[in-house]
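One structure below.
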Amino acid sequence: MKHNTITLICGILFGIGLSLSQMINPNKVLNFLDITGAWDPSLIFVMLGALPVAMISFKAILKRPAPILANQFQLAGKLSVNTSLILGASIFGIGWGMSGYCPGPAVTGLGLLSFESVVMVVSIYLGFFVYNRIFEKK
Amino acid sequence: MENFSPYSAMAGGALIGISVTLLLLFTGRIAGISGIMNGVFNAAKSDIIWRLLFLAGLILGAFIFQLLLPNFNTPRQNYPILLLGTGGFLVGFGARMANGCISGHGICGIANLSIRSIVATILFMTAGMATVYIVRHVLVLSA
């Protein structure tokens with residue numbers, strides 16, 4: 001129960017953060033990426049706000065033997081930079097530049113009853129599905 | 001640069017930093033949103049509830065924010081839907097292939113000093129910038 005409450009609160013905080021920073025505003029995102037046009041560098045400050053908090057806290061938290069409400073930390077495995085990372089990140093960036101949405105803002109935008117968010121969430125899941133069909137061994 | 005908004009962007013970023021901190025501290029999970037989304041249909045049954053709650057929280061957070069500040073974010077109108085849908089497909093496909101998106105790599109991964117995540121984030125941005133250049137200034141598909 002506690003676990004569920006904390007998870008919901010974390011989602012709400014994240015959603016408010018994406019709203020306040022305007023990451024959920026696709027024009028703001030595209031203007032951030034438009035370095036030769038109407039460039040608006042605001043969104044780099046989202047990372048500058050998030051990273052110091054996360055860097056300091058992660059370092060301290062990962063010294064613990066376990067999280068407070070679970071038996072172990074579930075971190076990504078230590079993989080190296082490989083072809084799928086480079087290709088996947090480039091494909092992602094192309095889609096981000098075409099749409100102005102990454103997955104977090106796409107879901108979060110549903111809270112504004114935005115039609116674009118519905119299109120984004122469906123097409124992102126379609127991308128997941130096709131990738132999983134081709135590359136995931138069941 | 002009339003819409004430059006560094007303070008609200010930074011404050012929003014700090015909230016995101018607090019969110020990923022609490023999630024890791026209490027549940028041991030990394031707040032990578034594409035991974036959380038993908039797992040809704042692919043993870044073990046016991047592993048699905050927290051994912052739905054986190055995603056519901058995102059939606060609820062935006063909804064609450066919109067109630068308090070209704071004119072802060074207005075949904076975009078009349079964007080070419082083919083560009084949107086194709087973009088969404090590539091975002092989903094690419095996030096699976098790169099094993100993460102901007103939250104997982106750009107925030108959590110970089111905070112954990114992962115070289116993979118730093119490389120991924122640089123590529124997200126350079127590919128995004130190149131694409132916006134082509135869409136807006138070469139093909140002129142959107143304003």
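For clarity, every value in this text was computed on a predicted model and none was experimentally measured. Residue numbers begin at 1 in each chain, while the letters A, B, ... track the order of the sequences.
- The residue among B/Leu53, B/Val119, B/Leu24 with the most heavy atom pairs within less than 4.5 Å of chain A is B/Leu24.
- Considering every non-hydrogen atom in both B/Val91 and A/Ser99, the closest pair reads CG2-OG, 4.4 Å.
- With a threshold of 4.5 angstrom between heavy atoms, A/Leu79 approaches chain B through its backbone and through its side chain.
- The candidate with the highest count of non-hydrogen atom pairs below 4.5 Å against chain B, out of A/Val119, A/Leu8, A/Ile94, A/Leu126, is A/Ile94.
- Considering SG of A/Cys102 and CD1 of B/Ile33, their distance stands at 7.5 Å, rounded to 0.5 Å.
- Neither side chain, A/Asn27 nor B/Asn3, offers a donor N or O lying under 3.5 Å from an acceptor on the other.
- By the 4.5 Å heavy-atom criterion applied to side chains, B/Phe54 and A/Phe14 are counted as neighbours.
- Ranked by heavy-atom pairs shorter than 4.5 Å toward chain B, the options A/Ser114, A/Ser84, A/Ala54, A/Ala70 are led by A/Ser84.
- Applying the ring pair (Phe, Tyr, Trp, His ring centres under 6.0 Å) test to pairs two or more places apart or on separate chains, those with a residue in residues 64-103 of chain B are A/Tyr131-B/Phe93, B/Phe65-B/Phe72.
- Top candidate by heavy-atom pairs under 4.5 Å with chain A, chosen from B/Leu60, B/Ile102, B/Ile81, is B/Ile102.
- Heavy-atom pairs under 4.5 Å with chain B were tallied for A/Ser42, A/Gly15, A/Ser21, A/Pro26; the largest tally goes to A/Ser42.
- A/Leu48 CG: more than 12 foreign heavy atoms inside a 6.0 Å radius.
- With B/Asn73 contributing its side chain and A/Ser19 its backbone, the two residues share a donor-acceptor pair below 3.5 Å.
- Across all non-hydrogen atoms, the minimal contact from A/Ser80 to B/Arg116 is O-NH1, 3.0 Å.
- When heavy atoms are compared at a cutoff of 4.5 Å, A/Lys28 approaches chain B solely by way of its side chain, counted from C-beta outward.
- The CZ atom of B/Phe26 lies 9.0 Å from the CD1 atom of A/Ile9; values are rounded to the nearest 0.5 Å.
- Proximity to chain B (any heavy atom under 4.5 Å) is shown, for A/Asn71, by neither the backbone nor the side chain.
- The residue among B/Ile134, B/Leu83, B/Leu68 with the most heavy atom pairs within less than 4.5 Å of chain A is B/Leu83.
- Atom OG1 of B/Thr131 and atom CG of A/Asp34 lie 11.5 Å apart (nearest 0.5 Å).
- Ring geometry, B/Phe124 versus A/Phe92: the interplanar angle falls from 30° to 60°, so the pair is classed tilted.
- Only the side chain of A/Leu62 comes within contact range of chain B, with at least one heavy atom under 4.5 Å from a heavy atom of that chain.
- What you find for A/Ile61 and B/Thr21 is that their closest heavy atoms are CD1-O, 3.6 Å.
- Closest approach of B/Ala62 to A/Leu112, counting heavy atoms only: O-CD2, 4.0 Å.
- If you measure heavy-atom distances from B/Ile107 to chain A, the contacts under 4.5 Å come from both the backbone and the side chain.
- With contacts defined as side-chain heavy-atom distances shorter than 4.5 Å, the pair B/Met37/A/Ile124 qualifies.
- Chain A forms more heavy-atom pairs under 4.5 Å with one residue of B/Gly17, B/Ser117, B/Ser19 than with any other, namely B/Ser19.
- With chain B as the partner, the residue from A/Asn25, A/Leu113, A/Val130 showing the most heavy-atom pairs under 4.5 Å is A/Val130.
- In this structure, OG1 on A/Thr36 lies 10.5 Å from CE on B/Met129, to the nearest 0.5 angstrom.
- Here the CG atom belonging to A/Leu75 is positioned 10.5 Å from the CZ atom belonging to B/Arg29, to the nearest 0.5 angstrom.
- Between A/Trp96 and B/Cys101 the shortest side-chain heavy-atom distance does not fall below 4.5 Å.
- When heavy atoms are compared at a cutoff of 4.5 Å, B/Tyr133 approaches chain A solely by way of its side chain, counted from C-beta outward.
- Of all non-hydrogen atoms in A/Ser123 and B/Gly85, the two that sit nearest each other are CB-O, 3.4 Å.
- Put simply, of B/Met125, B/Met97, B/His105, the one with the most heavy-atom pairs under 4.5 Å next to chain A is B/Met97.
- Residues B/Gln66 and A/Ile24 have side chains not in contact (no heavy-atom distance under 4.5 Å, counting atoms from C-beta outward).
- Centroid-to-centroid, the aromatic rings of B/Phe41 and A/Tyr125 come within less than 6.0 Å.
- Counting heavy atoms of neighbouring residues, nucleotides and ligands inside a 6.0 Å radius, atom CZ of A/Phe73 exceeds 12 of them.
- With chain B as partner, the option from A/Leu110, A/Leu13, A/Ile12 having the largest number of non-hydrogen pairs under 4.5 angstrom is A/Ile12.
- When side chains are defined from C-beta on, A/Phe115 does not count as touching B/Arg76, because their heavy atoms never get closer than 4.5 Å.
- Cluster membership for B/Val132 and A/Trp39, using ILVMFWY side-chain heavy atoms within less than 4.5 angstrom, is shared.
- Residue A/Val81 touches chain B through both its backbone and its side chain, counting heavy-atom pairs closer than 4.5 Å.
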Given side chain to side chain contact (heavy atoms under 4.5 Å, CB included), test A/Asn132 with B/Arg96 step by step and report yes or no. CA-CA 8 Å; A/Asn132 293 342; B/Arg96 289 292 301 132; 2.9 Å; yes
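- Taking chain A as the reference chain and counting heavy-atom pairs below 4.5 Å, the highest number among B/Ser5, B/Pro75, B/Ala120 is found for B/Ser5.
- Contact of the A/Thr7 side chain with the B/Thr27 side chain is registered, since non-hydrogen atoms from C-beta on lie closer than 4.5 Å.
- For A/Phe129, no part sits under 4.5 Å from any heavy atom of chain B, backbone or side chain.
- The candidate with the highest count of non-hydrogen atom pairs below 4.5 Å against chain B, out of A/Ile6, A/Val121, A/Thr5, is A/Ile6.
- Put simply, OG on A/Ser117 and CD1 on B/Ile59 are 8.5 Å apart, with the number rounded to the nearest 0.5 Å.
- Here the side chains of B/Ile30 and A/Phe58 are in contact, with some heavy-atom distance below 4.5 Å.
- The minimum heavy-atom distance linking B/Leu22 with A/Cys10 is given by the pair CB-SG, 3.6 Å.
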Test side chain to side chain contact (heavy atoms under 4.5 Å, CB included) on B/Leu113 and A/Met55 and set out the steps. CA-CA 8 Å; B/Leu113 302 177; A/Met55 269 179 185; 4.2 Å; yes
The test is side chain to side chain contact (heavy atoms under 4.5 Å, CB included); show your working for B/Leu84 and A/Met98 and say whether it passes. CA-CA 6 Å; B/Leu84 191 71; A/Met98 288 173 77; over 6 Å; no
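- Looking at A/Ile35, only its side chain comes within 4.5 Å of chain B, counting heavy atoms on both sides.
- In this structure, the portions of A/Glu116 lying under 4.5 Å from any heavy atom of chain B include both its backbone and its side chain.
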Could you go through A/Asp40 and B/Phe4, starting from their C-alpha distance and side-chain angles, then the distance that decides it, and tell me whether this counts as side chain to side chain contact (heavy atoms under 4.5 Å, CB included)? CA-CA 6 Å; A/Asp40 174 358; B/Phe4 188 50; 3.8 Å; yes
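- For a residue to count as touching a neighbouring chain, one of its non-hydrogen atoms must lie under 4.5 Å from one of that chain's; by this rule B/Thr121 touches chain A with the side chain only.
- Heavy atoms from other residues, nucleotides or ligands lying under 6.0 Å from CD1 of A/Ile134 number more than 12.
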